[in-house]
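As the structure is a computational prediction, the values presented were derived from the model and not from experiment. Both counts, for ligands and for their atoms, begin at 1 and track the order of listing.
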Amino acid sequence: MNIILLGPPGAGKGTQAQILVDGRDMIQLSTGDMLREARTSGTEMGLKVAAIMDAGELVTDEIVIGLIREKLQGPSGGGFIFDGFPRTLAQADALADLLADVGQGLDAVIEMRVNDDVLVERVVNRAAEAVAAGKTPRADDNAESMKTRLMEYYKKTSPLIGYYYAKGDLKSVDGLGTIDEVKSEIAAILG
Ligand code: AMP
């Protein structure tokens, strides 16, 4: 089973992806995590995207599609969870092609619905919690970058909701519920 978790930054995609990894042996493909890893290891690509990520803008389709292409050649476990990808229509089309190339398809696109005030609050809290735990918060988890991230989401990513609806793949869950409530809603969709 291959699914996309779709929603704005702070909607809880990563949290629910982790639950599916633990419970269903699925494989989380988070382009955000892959890009952060590339930065930490100091690869040429990592250095190239650092400033773009910190500002809250999207990196090029070419880079993220390349990252996903590589992962789809690897083990597929209980299926892939695409978390933070696709974020543009070009990425969505590329994903359909890449899945077809490995003889697979998409089973569901799960939209996590939230409201924008809660998102900003969650992301600012996520940074504060990281600091309290002695960790370095994400450089883009601040109110300023969050404004750009939300704008990028509404301009470039939210059209995917209509796109997947029209394809008949879209399901929605209430992302404002507790982690357990959202988990149950997703479980009901996946069966
Ligand atoms: P995330 O962890 O998913 O919030 O991603 C963090 C940042 O990585 C984003 O704000 C973008 O700069 C970049 N990024 C992650 N995934 C993508 C993607 N699919 N397309 C373009 N940029 C991305």
Side-chain angles (χ1 to χ4, degrees), residues 2-21 26-72 80-99 106 109-114 116 118-130 135-161 163-164 169 175 182:
N2 300 315
I3 65 167
I4 294 174
L5 293 180
L6 187 60
K13 301 185 294 292
T15 302
Q16 293 300 327
Q18 195 52 56
I19 290 173
L20 293 167
V21 168
M26 295 180 79
I27 294 179
Q28 178 186 11
L29 297 184
S30 157
T31 40
D33 286 348
M34 293 174 209
L35 293 166
R36 278 184 289 276
E37 244 172 67
R39 291 180 62 168
T40 309
S41 52
T43 64
E44 193 183 327
M45 184 266 280
L47 297 174
K48 193 166 135 191
V49 298
I52 298 171
M53 291 175 74
D54 291 351
E57 291 160 14
L58 294 189
V59 311
T60 65
D61 288 336
E62 194 191 353
I63 287 178
V64 289
I65 291 166
L67 290 170
I68 292 289
R69 180 184 292 119
E70 209 174 290
K71 298 286 181 183
L72 291 185
F80 294 113
I81 307 158
F82 298 95
D83 158 16
F85 179 93
R87 265 178 154 99
T88 64
L89 289 165
Q91 292 176 24
D93 283 335
L95 177 60
D97 292 344
L98 289 174
L99 282 171
L106 265 183
V109 177
I110 301 177
E111 178 204 2
M112 303 181 66
R113 286 178 189 267
V114 273
D116 295 337
V118 172
L119 291 179
V120 178
E121 214 177 279
R122 277 188 183 179
V123 161
V124 171
N125 279 343
R126 181 160 75 183
E129 279 163 21
K135 298 184 196 149
T136 310
R138 283 176 49 164
D140 59 353
D141 272 353
N142 60 72
E144 193 53 37
S145 292
M146 187 58 186
K147 256 192 235 161
T148 310
R149 287 160 72 195
L150 269 183
M151 193 64 83
E152 290 282 76
Y153 176 79
Y154 284 112
K155 280 201 303 204
K156 298 174 184 165
T157 309
S158 67
L160 297 185
I161 294 170
Y163 170 90
Y164 285 120
D169 293 333
V182 180

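Here is the list of ligand 1 atoms found below 4.0 Å of a heavy atom in Q91: 18 (C), 19 (N), 20 (N), 21 (C). The contact set between ligand 1 and R36, taken as ligand atoms under 4.0 Å from a residue heavy atom, comprises 2 (O), 6 (C). For ligand 1 and T31, the ligand atoms under 4.0 Å from any heavy atom of the residue are 15 (C), 16 (N), 17 (C), 18 (C), 19 (N).
In this structure, T40 contributes its side chain and R36 its backbone to a donor-acceptor pair below 3.5 Å. The closest donor-acceptor contact from the side chain of T31 to the backbone of G84 lies under 3.5 Å. Judged by distance alone, with hydrogens and angles left aside, the side-chain atoms of N2 form a donor-acceptor pair with the main-chain N or O of F80 at under 3.5 Å.
Two residues are said to be in side-chain contact when any heavy atoms from C-beta on lie closer than 4.5 Å; V59 and M53 meet this criterion.
With respect to D83, the side-chain hydrogen bond (donor to acceptor under 3.5 Å, both in side chains) criterion is satisfied by exactly one of K13, Q16, Q28: Q28. Here the rule is salt bridge (charged side-chain N to carboxylate O under 4.0 Å, His left out) with D140, and of R126, R149, K147 only R149 fits it.
Shortest contact from atom 11 (C) of ligand 1 to any protein heavy atom: E57 O, 3.4 Å.
Selection from E152, R138, M34 by nearest heavy atom to atom 6 (C) of ligand 1 gives R138. Of the candidates L35, D141, V59, L35 brings a heavy atom nearest to atom 14 (N) of ligand 1. Nearest-residue assignment for atom 5 (O) of ligand 1 (options M53, M146, R87; heavy-atom criterion): R87.
Side chains of Y163 and D93: a donor-acceptor N/O pair is present below 3.5 angstrom, by distance only.
Of the polar atoms of G84, at least one N or O is found under 3.5 Å from an N or O of ligand 1, judged by distance alone.
With a heavy-atom cut-off of 4.0 Å, L58 touches ligand 1 through backbone and side chain alike.
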